[in-house]
There are 2 protein chains.
Amino acid sequence: MATIYQVAERAGVSLSTVSRVLNGRKTVNAQLREKVEKAVQELNYRPSSVARSLANNRTDSIGVLVAELHTPFFGEMMQAIEMTLRAQDKHVIISVGHNDLAKELDAVEFLISRNCDALILHSEAMSDKDLVKLQSRLPISIINRHVPELHEACFCLDNEAGGYRATRHLIAKGHRNIAYISGPACKADAMQRLAGHKRALQEAGIAFSDAFHFEGRFKEEDGIEGLKTLLARDIEFTALVCANDWMASGAMSCARDLGLRLPEDLSIVGFDDVVIAHHVYPKLTSVCNPIYQMGEMAAKCILNKVYNQKHQLQHLYDAELVLRDSVNLV
Amino acid sequence: MATIYQVAERAGVSLSTVSRVLNGRKTVNAQLREKVEKAVQELNYRPSSVARSLANNRTDSIGVLVAELHTPFFGEMMQAIEMTLRAQDKHVIISVGHNDLAKELDAVEFLISRNCDALILHSEAMSDKDLVKLQSRLPISIINRHVPELHEACFCLDNEAGGYRATRHLIAKGHRNIAYISGPACKADAMQRLAGHKRALQEAGIAFSDAFHFEGRFKEEDGIEGLKTLLARDIEFTALVCANDWMASGAMSCARDLGLRLPEDLSIVGFDDVVIAHHVYPKLTSVCNPIYQMGEMAAKCILNKVYNQKHQLQHLYDAELVLRDSVNLV
DNA sequence: TTGTAGGCGTTATCAG
DNA sequence: CTGATAACGCCTACAA
């Protein structure tokens with residue numbers, strides 16, 4: 001690999017001049033510039049990003065922490081981040097945290113040890129305090145979580161509004177008895193979605209009852225277990241909202257196994273609108289989680305903070321309902 | 001950030017000694033070693049990976065080129081790669097190629113400009129020649145594609161065997177009239193899968209006919225269009241194999257729209273066994289593409305080549321059939 | 001076993 | 001506008 005010295009030598013100038021033309025400085029004689037460019041061509045010279053990083057203390061790389069990589073949600077997120085960052089010649093280094101505190105912290109240290117200029121995090125296990133502390137070490141942006149002290153760094157969905165929309169839609173379709181399978185009580189987004197559900201009920205003058213509520217952990221199996229549990233209770237319902245699509249899919253296959261017709265016997269609404277929502281049968285009406293946009297914004301936030309760009313930022317995202325075939329008029 | 005100088009000063013030794021203990025050299029006095037370690041602790045010193053890279057001409061980072069990130073297949077692959085590489089303290093830099101030659105080449109240059117030690121590629125657009133040329137620049141490993149000159153770097157599925165298994169299964173269930181929706185003729189894996197299908201037919205004494213074949217491009221819509229087209233032809237069939245799960249899902253929803261009962265009126269087999277196979281209805285019998293393992297192997301191949309490790313490598317993968325509910329006995 | 005000195009490839013400062 | 005020269009932080013002969 002050619003170095004800047006060799007280019008300088010070939011062009012008959014000093015290496016400072018080469019550095020200048022490489023970095024697009026205006027203050028260089030046109031003739032010399034041409035000579036340098038020619039030499040660069042001939043030697044097929046490529047600057048060493050490592051040496052450059054050492055000299056100016058910037059790596060142009062951004063670390064991204066995700067819970068998992070093999071799930072559609074994170075795929076969308078990564079795609080958005082990679083595309084917007086690469087368009088600005090920034091590199092994306094990934095690291096997975098597996099929803100485990102120790103592993104997340106380890107992943108973060110790993111990323112920092114690589115001298116990332118900044119971090120984008122989708123963390124479930126770290127505490128708010130951890131995140132605040134982290135920001136004092138390097139710029140970060142946070143997806144899908146709101147940390148009050150770090151508001152300008154957070155990009156999240158209006159989960160409450162989403163929960164509200166899902167249930168209001170069912171009510172508008174004539175449903176009055178609506179069951180709800182939520183995510184775990186320890187997760188803020190799960191509770192916000194549930195709160196939205198309750199608000200919609202209240203607005204329609206329907207009392208919320210714990211009997212209609214099952215708490216899952218966002219997994220497909222929880223949808224199955226949840227529906228079974230609800231059906232075994234002494235209640236009747238014509239509709240079910242699930243706090244994510246995986247549970248909704250589980251509930252659907254369970255319902256079918258139990259001989260229920262969908263959506264005639266049971267209307268179902270999901271949440272997140274991940275890819276499976278299009279593929280289950282009937283196609284699932286679901287609240288959209290615009291993760292792509294959020295990933296893009298988180299990346300732009302970093303571009304603003306670290307590289308002095310000036311992108312317009314939006315921190316809170318609307319959770320629109322995507323209508324498909326899983327809800328029946330009653 | 002503390003530097004190695006400061007550690008040396010605090011420990012009262014030279015920086016070479018610090019460097020030695022940091023790199024685990026045995027040839028250093030126990031007392032000094034302790035002093036150094038103490039100083040490292042106290043200063044919370046972390047070596048600069050950038051400076052280290054510059055000095056020893058290695059970045060410990062591997063570039064990965066994928067077509068897209070937002071699809072389950074690549075998610076699995078990335079997860080596998082990230083996990084096996086990070087276990088060895090190597091970093092993963094991602095770059096997406098969007099199935100476009102210019103963009104893939106651009107992505108590769110981008111990765112190389114970052115001084116990656118090696119590349120892992122899932123390339124659809126680059127030619128064999130491009131890949132051979134690339135390998136002369138830096139170590140690479142290739143997923144899901146066989147380049148004869150680069151055999152030891154390739155990790156792929158036995159697509160022919162997979163196609164064979166899918167069709168043989170249907171034949172074993174009594175089907176004789178089996179339609180096939182393939183991937184595009186320009187893709188090697190698509191043609192191999194089709195070849196396997198033909199072999200199974202031949203083995204059973206069933207003649208292959210173009211009338212039973214529709215060529216798609218691996219998209220959901222192609223499954224829809226394909227089934228419609230096949231049904232419009234003057235033929236009868238009780239089973240359909242689709243060269244991937246997306247087309248299978250499309251065919252399923254199309255079949256249902258047309259009033260066919262699944263699997264009573266039409267048995268369907270998919271390919272790749274991506275996540276949606278579990279979520280469509282009825283759950284889809286599909287040929288498994290062990291992308292996770294392949295990703296892991298591609299990563300280990302790099303570890304062997306670049307970092308002198310000695311992992312056992314497997315280059316060709318078996319395509320097992322995963323039985324679910326989409327095939328009927330006739 | 002330990003320390004000194006030079007090099008890795010750039011950028012940045014400061015004279016000229 | 002151009003060219004020495006000193007960082008940047010670490011590694012590694014080589015010398016002591």
Side-chain angles (χ1 to χ4, degrees), chain A residues 1-40 43-61 89 91 112-117 138 306-308, chain B residues 1-40 43-61 89 91 112-117 138 307:
Chain A
M1 208 65 237
T3 77
I4 199 171
Y5 283 97
Q6 304 171 29
V7 175
E9 187 176 0
R10 180 163 197 126
V13 299
S14 78
L15 87 177
S16 334
T17 301
V18 177
S19 177
R20 285 190 192 98
V21 339
L22 256 37
N23 291 292
R25 300 261 189 287
K26 299 296 175 193
T27 67
V28 44
N29 180 297
Q31 301 222 349
L32 290 189
R33 154 164 284 135
E34 255 182 53
K35 276 193 197 168
V36 170
E37 279 163 353
K38 185 151 161 274
V40 166
L43 293 171
N44 189 28
Y45 165 78
R46 313 241 171 245
S48 153
S49 63
V50 175
R52 183 171 276 178
S53 293
L54 183 60
N56 60 19
N57 198 32
R58 254 175 44 176
T59 59
D60 288 329
S61 63
D89 269 287
H91 300 255
I112 292 180
S113 81
R114 190 74 187 78
N115 296 298
C116 289
D117 291 341
L138 80 176
V306 183
Y307 308 106
N308 304 311
Chain B
M1 206 67 236
T3 78
I4 198 171
Y5 283 97
Q6 305 172 27
V7 175
E9 187 177 359
R10 182 165 197 122
V13 300
S14 79
L15 88 178
S16 14
T17 300
V18 177
S19 176
R20 286 191 192 95
V21 340
L22 256 38
N23 291 292
R25 300 262 188 286
K26 299 295 175 193
T27 66
V28 44
N29 181 297
Q31 302 222 349
L32 290 190
R33 155 164 283 133
E34 256 182 50
K35 275 192 197 169
V36 169
E37 279 162 354
K38 184 151 162 275
V40 165
L43 292 171
N44 189 29
Y45 167 76
R46 313 245 169 239
S48 154
S49 64
V50 175
R52 182 172 277 179
S53 294
L54 184 60
N56 58 19
N57 200 29
R58 253 175 47 175
T59 59
D60 288 328
S61 63
D89 269 289
H91 300 255
I112 292 180
S113 80
R114 193 74 187 79
N115 296 297
C116 290
D117 291 341
L138 81 176
Y307 308 106

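Chain identifiers are assigned alphabetically (A, B, ...) following the order of the sequence lines, protein sequences preceding nucleic acid strands; residue numbering begins at 1 within each chain. As the structure is a computational prediction, the values presented were derived from the model and not from experiment.
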Within 6.0 angstrom of B:Asn56 CG, more than 12 heavy atoms from elsewhere: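 It does: B:Asn56 CG has more than 12 such atoms within range.
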What closest approach, in Å, do A:Ala11 and A:Ala39 show between heavy atoms, and which atom pair accounts for it?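 Answer, listing the atom of A:Ala11 first, then A:Ala39: CB-CB, 4.0 Å.
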Determine the contact category for [X]: base if any of its heavy atoms lies under 4.0 Å from a base atom, sugar-phosphate if only primed atoms, P, OP1 or OP2 are that close, otherwise nothing.
{"X": "A:Leu32", "answer": "sugar-phosphate"}
{"X": "A:Thr3", "answer": "sugar-phosphate"}
{"X": "B:Arg58", "answer": "nothing"}
{"X": "A:Arg25", "answer": "sugar-phosphate"}
{"X": "A:Ser48", "answer": "sugar-phosphate"}
{"X": "B:Val13", "answer": "sugar-phosphate"}
{"X": "B:Asn23", "answer": "sugar-phosphate"}

Please round to the nearest 0.5 Å and tell me the distance separating atom CG of A:Leu22 and atom OH of A:Tyr45.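 These two atoms lie 5.0 Å from each other.
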Under-4.0 Å side-chain N/O to phosphate OP1/OP2 contact, [X] with [N]:
{"X": "B:Ser14", "N": "C:dT2", "result": "no"}
{"X": "A:Ser19", "N": "C:dT11", "result": "yes"}
{"X": "A:Tyr45", "N": "C:dT10", "result": "yes"}

Outermost nucleotides of DNA chain D that come under 4.0 Å of a non-hydrogen atom of chain A: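 Counting from the 5' end, contacts occupy D:dC1 to D:dG9.
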Counterpart residues, side chain to side chain contact (heavy atoms under 4.5 Å, CB included), relative to B:Glu9 (two or more places apart):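 None.
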Heavy-atom donor-acceptor pair, B:Thr27 side-chain to C:dT2 base, under 3.5 Å: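 No such pair is found, so the answer is no.
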